[in-house]
Number of protein chains: 2
Amino acid sequence: MHTSPDVETALRGASLRVTRPRAAVLAAVYDHPHADTDSIIGAVRASLGEVSHQAVYDVLRALTAAGLVRRIQPSGSVARYESRVGDNHHHVVCRSCGAIADVDCAVASTPCLTASDDHGFAIDEAEVTYWGQCPACSTTPAPARSS
Amino acid sequence: MHTSPDVETALRGASLRVTRPRAAVLAAVYDHPHADTDSIIGAVRASLGEVSHQAVYDVLRALTAAGLVRRIQPSGSVARYESRVGDNHHHVVCRSCGAIADVDCAVASTPCLTASDDHGFAIDEAEVTYWGQCPACSTTPAPARSS
DNA sequence: CGGACTTTCTTGAATGATTCAAGAACGCGG
DNA sequence: CCGCGTTCTTGAATCATTCAAGAAAGTCCG
């Protein structure tokens, strides 16, 4: 579980103090892409022992603010975190099981960044969320929610 | 204020029973695009008198399921509803004040619907959220966040 | 290397949107 | 006008996230 040896480097590079909880949280996000806060808390506790959920929430906020992790939150889902930052990629979310997968922008660069009518907004990011069914849920007979 | 006379028609067209709460909620969504649940509750009570929040939540779910309204929920925001459905449009969200505006897809049809690598997902919708600063917040020096 | 200052972690409780449950009221088809 | 089934009311519960205050730890400096 020496997950990422450069976790410390990353923290220092972001001018953040290096504490055990922070290293563990960052490593957990690297190891479990798209994990929700609760999963991260579990992963952190598995490697460090008891850690307060408050500390994890606090660390996640600090890491997000520092740009080391990205927070995503599809409608109807709790907050999730991922370590891929800086590159322009989006997500596919399964309507049935909530699974999330990364998707690189189809049109390379940042095409969607140019809205037809921006209403005077100064747009700095375009976030795309694809909705559908994951492979597992497509083959399996629709679970509940029939009409 | 009988906002939209065809509210009943819309409800019947969706095979939904026409009740006063439903008509009021639907009218409220038409009148207040991108309003959150609490605002809708307020608007409904302004026209009908006391109505339980539970009823509004229930109605909003029914209307959403029927496709009469669309539910949107940008990260860090509560659920919001809008009446524009069926057309392929997206949203710009102000990072400062949370204001939301409609934006028609820059590339006309549904370009983004084709992800570069869909990971086997059966994609049926591409939702785009633009993030930036609204005109008011761009000109005004960052308003601390007091409220 | 040690001390002091600042940031971060712990503990415990609160907030707030949304949902669940059970019974009463109402809309709709007959 | 009646009865059935859906929908509204009331009241409480859930759960992610946040707030607050004090203890502990990290970093900088001499």
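Chain identifiers are assigned alphabetically (A, B, ...) following the order of the sequence lines, protein sequences preceding nucleic acid strands; residue numbering begins at 1 within each chain.
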Open item on the list: I need the A:H89 NE2 to A:D102 CG distance, nearest 0.5 Å.
Closed with: 3.5 Å
Open item on the list: If we count only N and O atoms by modelled type, under 3.5 Å, do the side chains of B:Q133 and B:S96 hold a donor and an acceptor together?
Closed with: yes
Open item on the list: Any carboxylate oxygen within less than 4.0 angstrom of a Lys/Arg side-chain nitrogen, looking at A:D87 and A:R70?
Closed with: no
- [ ] Could you grab the distance from atom CZ of A:R84 to atom NE2 of A:H91, nearest 0.5 Å is fine?
- [x] 7.5 Å
TODO: Starting from the 5' end of DNA chain C, give me the residue, B:R80 or A:H53, whose nearest nucleotide shows up first.
DONE: A:H53
TODO: Measure the spacing between OG1 of B:T37 and OH of B:Y57 and express it to the nearest 0.5 Å.
DONE: 4.5 Å
- [ ] Return the value, rounded to whole Å, for the distance between atom CD of B:Q54 and atom C1' of C:dT19.
- [x] 7 Å
Task: Contact boundaries on DNA chain D for chain A, cut-off under 4.0 Å to non-hydrogen atoms - done: D:dA16 to D:dT27
TODO: Give the other cluster members for B:V93, using side-chain heavy-atom distances under 4.5 Å between Ile, Leu, Val, Met, Phe, Trp and Tyr residues; answer none if it is isolated.
DONE: B:I72, B:I100, B:W131
Task: Nearest heavy atoms of B:V85 and B:V69, plus distance in Å - done: CG1-C, 3.7 Å
Enumerate the protein-to-nucleotides 23-30 of chain C contacts in which both atoms are nitrogen or oxygen and the separation is below 3.5 Å.
{"residue": "C:dG27", "atom": "O3'", "partner": "B:V18", "partner atom": "O", "Å": "3.4"}
{"residue": "C:dG27", "atom": "N2", "partner": "B:R17", "partner atom": "NH2", "Å": "3.3"}
{"residue": "C:dC28", "atom": "OP1", "partner": "B:R12", "partner atom": "NH1", "Å": "3.2"}
{"residue": "C:dC28", "atom": "OP1", "partner": "B:V18", "partner atom": "N", "Å": "3.1"}

Open item on the list: Distance check needed: C:dG16 C1' versus B:D36 CG, whole Å only.
Closed with: 12 Å
Open item on the list: Measuring from atom CD1 of B:I40 to atom CZ of B:R80, what distance do you get when rounded to the nearest 0.5 angstrom?
Closed with: 9.5 Å
Open item on the list: Just to be sure I understand the rule, does B:A62 reach a base, reach only the sugar-phosphate, or reach nothing, if contact means heavy atoms closer than 4.0 Å?
Closed with: nothing
